[in-house]
Number of protein chains: 2
Amino acid sequence: MPPTTIPDIVIGRLPVYLRALTQFEISGNKVTSSHEMGEHLGISSAQIRKDLLHFGEFGKQGTGYNISYLKEQLEVILRVNQEWDVALVGAGGLGNAIVNYSGFRGRGFRIAVVFDNNPAKIGQKIDDLIVLSADQIKTKISKMRIRIAMVAVPSGQAQSVTNKLVEAGIESILNYAPTSLTVPSKVRIHHIDPVVGLQHMTYYM
Amino acid sequence: MPPTTIPDIVIGRLPVYLRALTQFEISGNKVTSSHEMGEHLGISSAQIRKDLLHFGEFGKQGTGYNISYLKEQLEVILRVNQEWDVALVGAGGLGNAIVNYSGFRGRGFRIAVVFDNNPAKIGQKIDDLIVLSADQIKTKISKMRIRIAMVAVPSGQAQSVTNKLVEAGIESILNYAPTSLTVPSKVRIHHIDPVVGLQHMTYYM
DNA sequence: AAAGTAATGTTAAGAAAGTGACAATACTTA
DNA sequence: TAAGTATTGTCACTTTCTTAACATTACTTT
């Protein structure tokens with residue numbers, strides 16, 4: 001199954017399926033169906049079946065999907081059957097919240113290092129991690145072989161920080177700054193902007 | 001131009017266009033083009049023109065788009081030419097970061113009230129706001145006529161909090177908990193889950 | 001054991017979204 | 001002023017995505 005042929009929009013739904021399966025598992029269920037998942041997520045059952053079929057046959061006709069098995073398979077597909085070290089730039093309020101956020105662990109990610117350019121922040125501890133100077137981004141990330149980073153600095157600094165990260169060899173960036181960023185095409189980027197979601201909804205109000 | 005006929009996916013891109021225009025404006029530009037915007041956002045110029053044309057003719061042939069004019073128009077379309085009061089449930093690390101986040105102001109939103117169910121948190125001040133008991137969600141939201149809420153509580157409590165919000169008359173919810181939520185069809189919901197973005201990217205790594 | 005029920009895997013049709021091309025228009029330069 | 005350049009508004013085409021339908025398979029009940 002060559003990954004190149006699978007639409008990106010399908011890949012984007014897999015983490016949502018994975019999250020739903022975790023919920024079902026916590027509820028004590030062993031088996032689910034495309035219908036149940038679709039109901040829960042507001043997606044048609046046909047779409048879920050078709051999406052999964054891009055990667056193999058994970059269900060049993062007449063029965064449905066074994067939750068823990070399908071979960072494992074999705075974790076392998078999404079490469080989160082391992083834990084990725086992630087670098088965080090920005091140790092302000094948002095950065096602190098990100099480090100203390102418990103939702104990364106157990107879903108494939110671990111904040112391994114934090115940078116900031118504010119001398120008052122450097123050297124301070126955030127939950128086990130000592131904040132390093134932004135000057136060390138390149139050396140530290142190279143040395144630690146970190147491939148994923150999060151940007152949680154003010155908009156004005158986001159592009160220059162991103163440039164440093166790219167230079168350091170980062171391949172994927174999660175950007176919390178409310179600004180678009182320019183990166184080489186080989187670097188993947190995702191944006192977390194709550195206002196985009198809010199404005200999308202106010203259109204309908 | 002009847003709003004009902006405009007695809008939701010188009011609406012979803014408007015906040016991104018608006019954000020880009022703000023960036024251009026900060027850079028001191030007065031005029032932009034669909035080509036420049038597309039370049040900046042990684043979207044084709046034809047798509048941007050087509051999206052905007054759903055709402056009217058905002059550009060001038062040969063010249064491009066006046067940034068401040070197009071910005072104003074998008075703000076009107078998205079209903080953010082006003083400031084919406086937003087209720088926040090959850091005064092933990094994430095809730096604190098949300099209240100202190102400066103990115104809502106100036107983009108149409110203001111955190112107007114904060115709730116938590118932890119007695120240790122109730123009565124505490126977060127940046128001008130006093131944390132109220134979650135028991136007051138219904139009365140307070142009704143009284144203040146708040147229509148938008150954010151959920152920043154642990155996954156296990158997210159659904160019950162959401163139910164309360166819906167009962168209080170909330171129309172749009174921004175959910176920070178890493179879980180899907182069930183709401184009546186009249187209620188709009190958006191999810192902020194950083195792990196979904198990360199897992200989307202690790203697929204390609 | 002047979003009939004009934006449930007759910008997948010799979011295909012084809014339909015719907016939606018995106019792209020390319022170009023006439024019309026505005027500005028710029030010689 | 002005339003020619004050249006830039007860029008929108010717009011349409012038709014192409015590609016992509018979604019949905020509906022159903023044969024096949026597995027389980028459940030009588």
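Just so it is clear: chains get the letters A, B, ... in the order the sequence lines come, proteins before strands, and each one is counted from 1. These numbers were taken from a predicted model, which means no experiment stands behind them.
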Q: Could you summarise the pairing of DNA chain D as dot-bracket text, marking Watson-Crick and G-U pairs under 3.5 Å with ( ) or [ ] inside the strand and | across strands?
A: ||||||||||||||||||||||||||||||
Nucleotide N/O of nucleotides 13-15 of chain C paired with protein N/O under 3.5 Å:
none

Are any of the side-chain heavy atoms of [X] and [Y] separated by less than 4.5 Å?
| X | Y | answer |
| --- | --- | --- |
| A:Ile43 | A:Tyr17 | yes |
| A:Met201 | B:Glu171 | no |
| A:Val196 | A:His200 | no |
| B:Tyr203 | A:Ile6 | yes |
| A:Lys164 | A:Val161 | no |
| A:Val76 | A:Phe55 | no |
| A:Arg19 | A:Arg107 | yes |
| B:Trp84 | A:Leu198 | no |

(Q) Check this for me: B:His35, atom NE2, are more than 12 non-hydrogen atoms of other residues, nucleotides or ligands nearer than 6.0 Å? (A) no
Q: Please list residues of residues 29-47 of chain B whose heavy atoms come under 4.0 Å from any atom in DNA chain C, ordered by number; otherwise none.
A: B:Ser44, B:Ala46, B:Gln47
(Q) Which residues in residues 61-74 of chain B have a heavy atom closer than 4.0 Å to any atom of DNA chain C? (A) B:Gln61, B:Gly62, B:Thr63
Q: Please find the earliest and latest nucleotides of DNA chain D, in the 5' to 3' direction, that have an atom within less than 4.0 Å of any heavy atom of chain A.
A: D:dC17 to D:dC27
Taking atom [atom2] of [N] as reference, at what distance in whole Å does atom [atom1] of [X] sit?
| X | N | atom1 | atom2 | result |
| --- | --- | --- | --- | --- |
| A:Asp51 | C:dT10 | CG | C1' | 14 Å |
| A:Glu57 | C:dA7 | CD | P | 18 Å |
| A:Arg49 | C:dA6 | CZ | P | 15 Å |
| A:Ile48 | C:dA7 | CD1 | C1' | 13 Å |
| A:Asp8 | C:dG18 | CG | P | 13 Å |

(Q) Need one value for A:Ile9: base, sugar-phosphate or nothing, where a base atom within 4.0 Å counts as base even if backbone is also close, heavy atoms only. (A) sugar-phosphate
Using a 3.5 Å distance criterion without hydrogens, assess whether the side chain of [X] forms a donor-acceptor pair with backbone atoms of [Y].
| X | Y | value |
| --- | --- | --- |
| B:Asn66 | B:Gly59 | no |
| A:Arg110 | A:Gly108 | no |
| B:Glu83 | B:Arg105 | no |
| B:Asp85 | B:Ala112 | no |

Q: I would like to know whether B:Asp51 and B:Gln47 meet side chain to side chain donor-acceptor pair (under 3.5 Å); could you show each step before the answer?
A: CA-CA 6 Å; B:Asp51 283 352; B:Gln47 178 153 93; 5.2 Å; no
Q | A:Thr162: side-chain hydrogen bond (donor to acceptor under 3.5 Å, both in side chains) partners, not counting sequence neighbours | A | none
Q.
With side chain to side chain donor-acceptor pair (under 3.5 Å) as the criterion, how do B:Glu167 and B:Asn163 come out once you've worked through the C-alpha distance, each side chain's angles and the decisive distance to 0.1 Å?
A. CA-CA 6 Å; B:Glu167 214 191 321; B:Asn163 296 347; over 6 Å; no
